[in-house]
Amino acid sequence: MRKILVVGAGQSGLQLALGLLSEDYDVTLVDPRGPDEVRAGGVMSTQCLFGPALRRERRHGLAFWDDEAPEVNGVGVRVAARRGGGVPDVDWVGRLTEPARSVDQRLKLATWLELFVQGGGRFLRHRVSRAEMEALGTEYDLVVVAAGRGGLAEIFPRDTRRFHFEEPQRRLALAYVSGGEEHPAGGVLARTVVPEAGEVFTLPTLSLNGPCHAVMVEAVPGGPLDRPLPRGATGDVVLAGLLDVMRRYAPWEYERFSSARLADPRAALYGGYVPVVREPVVRMPGGTLVWGMADSVVSNDPITAQGANMASLCADVYRRAIVDHGGRPFDEAFMRGAFDTYWRSARQVTAWSRVMLSGPPHVWELYRLAERHRPTADRFADSFSDPTGLIDWFLHPERALEYVDGIRRTTDFSSHLPTT
Ligand SMILES: Cc1cc2nc3c(=O)[nH]c(=O)nc-3n(C[C@H](O)[C@H](O)[C@H](O)COP(=O)(O)OP(=O)(O)OC[C@H]3O[C@@H](n4cnc5c(N)ncnc54)[C@H](O)[C@@H]3O)c2cc1C
């Protein structure tokens, strides 16, 4: 039986560990937190998963929240008017072909970890250091690091050919709240863009105490949405900052959440990180090869809500590669080959994130078109499920403007009313 070590019990690590366990591998999973600590800890993400990632979880018997988690049926885009005021310049909702869902990672990862242990997986509660990687690795046929962003991920050198930022591109503030009102169009991942200042997101989610909403501000550091907070700021302080930003810059969202309260005492998050692409393989000084997965090697800003979706994809690609590889040694060529398969999709998300972070003029053209042309709005929404087609019409200015011209030439706009 082949012995696999997975470091990190997050979206990708658990999904891979559970998948390999069910294929009869001898799997050891290491994470500093057990299920109880994860449940009692702070929120980590808004983790909206779209159709393909949800289907993957269903296929592997990991979708326990389909009946409880509210459906997200659309992606909304509003662009706040530069002159301010209570009416956005652009306002539409694109429909998703398959519903999306968000389940608090505290709930999901704690449950999956329990499942892993019940299924015979070995779980070690430990924070692995760089120095320990070497010794740990020698006992296993394969060592995978799925430790998320930062920390241990730094064993993988940055790949500046693929992606290069030196600083966080947004300061993130997030709270899960109860008492918010539904979006007028129903279950919507709603995104308000405040030009050059950042974004406000809201979406229905399932948290520890039942359905609620996630409210998030992505502020350009130092800009008007940025509310610098001291280390250790309480959840109520984070929420007060979020509400203040919404009141001033996204009043249509403030109306929905003005009397909202924190869903639980640990339901807020504040911080930022540098998006980065890293080398997927590193050889430790003693010769052990270590393979990086998901955020540990490709991490993007959450502006496109793709990190957990890509973590799910990466876990799937790696599991299939491991199984297909049979009894052969897991060498560097194997690791790089599987990563390249993953990168073919991940690179599109990386490119998309960069476009969304910088908001070039062609994106505003597409947003304006989508307001009058429902198929464009729906196509944008479905790109969250499958970003690979964005290269044909959204990412590149020339192709985007060709697309806009083509639609304008051939469309009777009176038949495409906005969906708000
Ligand atoms: C504010 C915010 C909002 C987001 N919203 C979305 C969204 O709507 N949709 C979406 O798809 N993605 C979203 N993401 C991104 C998504 O949450 C991550 O990309 C995803 O969870 C990454 O999965 P992962 O398995 O790589 O790492 P993680 O899920 O981060 O798991 C890493 C695990 O490794 C463990 N670990 C860390 N260091 C060590 C160590 N030294 N030893 C052992 N274990 C270790 C950690 O405890 C953790 O359990 C968001 C992220 C943020 C910050």
Side-chain angles (χ1 to χ4, degrees), residues 8 10-11 41-48 80 102 104-106 147-154 156 158-160 162-177 189 191-203 205 214-246 248-250 253 262 266-278 294-311 346 349-359:
Q11 172 76 40
V43 293
M44 296 168 265
S45 174
T46 54
Q47 74 277 307
C48 187
S102 158
D104 189 335
Q105 287 186 333
R106 294 178 294 178
R149 303 172 298 268
L152 194 58
E154 284 164 20
F156 302 102
R158 284 182 177 208
D159 182 345
T160 48
R162 284 177 159 150
F163 201 41
H164 190 56
F165 282 123
E166 294 290 347
E167 302 290 336
Q169 300 299 294
R170 294 288 188 272
R171 187 123 50 194
L172 309 171
L174 162 68
Y176 290 10
V177 296
L189 165 59
R191 180 168 185 276
T192 294
V193 187
V194 185
E196 283 143 46
E199 298 78 22
V200 176
F201 293 88
T202 63
L203 84 153
T205 186
V215 175
M216 178 164 86
V217 168
E218 290 227 343
V220 172
L225 307 195
D226 193 4
R227 299 282 183 281
L229 293 177
R231 241 181 131 75
T234 65
D236 285 322
V237 171
V238 175
L239 178 57
L242 285 163
L243 289 172
D244 184 46
V245 169
M246 287 197 281
R248 288 167 189 239
Y249 297 97
E253 294 294 2
L262 272 189
R266 306 297 307 276
L269 171 72
Y270 176 76
Y273 60 88
V274 184
V276 65
V277 177
R278 298 179 182 279
D295 269 15
S296 284
V297 285
V298 182
S299 82
N300 287 302
D301 187 278
I303 194 161
T304 51
Q306 293 296 304
N309 290 273
M310 295 314 285
V349 171
T350 297
W352 185 23
S353 305
R354 202 182 346 220
V355 169
M356 298 293 261
L357 285 168
S358 59

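Residues forming a side-chain contact (heavy atoms from CB on, under 4.5 Å) with Glu154 (at least two apart in sequence, or on another chain): Arg130, Arg278. Residues passing the side-chain hydrogen bond (donor to acceptor under 3.5 Å, both in side chains) test with Ser353 are Thr304, sequence neighbours excluded. With sequence neighbours excluded, no residue forms a side-chain hydrogen bond (donor to acceptor under 3.5 Å, both in side chains) with Glu218. Not counting sequence neighbours, the partners of Thr192 by the side-chain hydrogen bond (donor to acceptor under 3.5 Å, both in side chains) test are Trp252. Under the rule for a salt bridge (charged side-chain N to carboxylate O under 4.0 Å, His left out), the partners of Asp244 that lie at least two apart in sequence or sit in another chain are Arg227, Arg247, Arg248. For Arg191, there are no salt bridge (charged side-chain N to carboxylate O under 4.0 Å, His left out) partners, not counting sequence neighbours.
Contact annotation: the side chain of Val220 never approaches that of Asp226 to less than 4.5 Å [non-hydrogen atoms, C-beta and beyond]. Taking 4.5 Å as the limit, some side-chain heavy atom of Leu262 sits within range of a side-chain heavy atom of Asp236. Side chains of Phe165 and Pro275 form a contact here, defined as non-hydrogen atoms less than 4.5 Å apart. The shortest side-chain heavy-atom distance between Val245 and Val200 falls under the 4.5 Å cut-off. The shortest side-chain heavy-atom distance between Pro230 and Tyr270 does not fall under the 4.5 Å cut-off. Residues Ile303 and Phe201 meet the side-chain proximity criterion, which asks for heavy atoms closer than 4.5 Å. Residues Leu152 and Ser296 form no side-chain contact, since every pair of their non-hydrogen atoms from C-beta on lies 4.5 Å or further apart. Within the 4.5 Å cutoff, the side chain of Thr46 has heavy atoms near those of the Leu203 side chain.
Of all non-hydrogen atoms in Val238 and Ala233, the two that sit nearest each other are CG2-O, 4.5 Å. Contact detail for Met44 and Leu269: the closest heavy-atom pair is O-CD2, 3.8 Å. Across every non-hydrogen atom of Arg266 and Gly41, the tightest pair is CB-O, 3.3 Å. In terms of heavy-atom proximity, Met310 sits nearest to Val349 at SD-CG2, 3.7 Å. In terms of heavy-atom proximity, Arg158 sits nearest to Val274 at NH2-CG1, 4.1 Å. Between Pro221 and Pro168 the shortest heavy-atom distance is CG-O, 3.8 Å.
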(message) Please determine whether side-chain contact (heavy atoms from CB on, under 4.5 Å) holds for the pair Asp104 and Val43, giving the CA-CA distance in whole Å, both sets of side-chain angles, and the decisive distance to 0.1 Å.
(response) CA-CA 7 Å; Asp104 189 335; Val43 293; 4.2 Å; yes
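In this structure, the side chain of Thr205 engages the main chain of Ser102 through a donor-acceptor pair within 3.5 Å.
To the nearest 0.5 Å, the span separating CZ on Arg170 from CE on Met216 amounts to 10.5 Å. A distance of 11.5 Å separates CG in Leu243 from CD in Glu253, rounded to the nearest 0.5 Å. Here SG of Cys48 is found 7.0 Å from CG of Asn309. Values are rounded to the nearest 0.5 Å.
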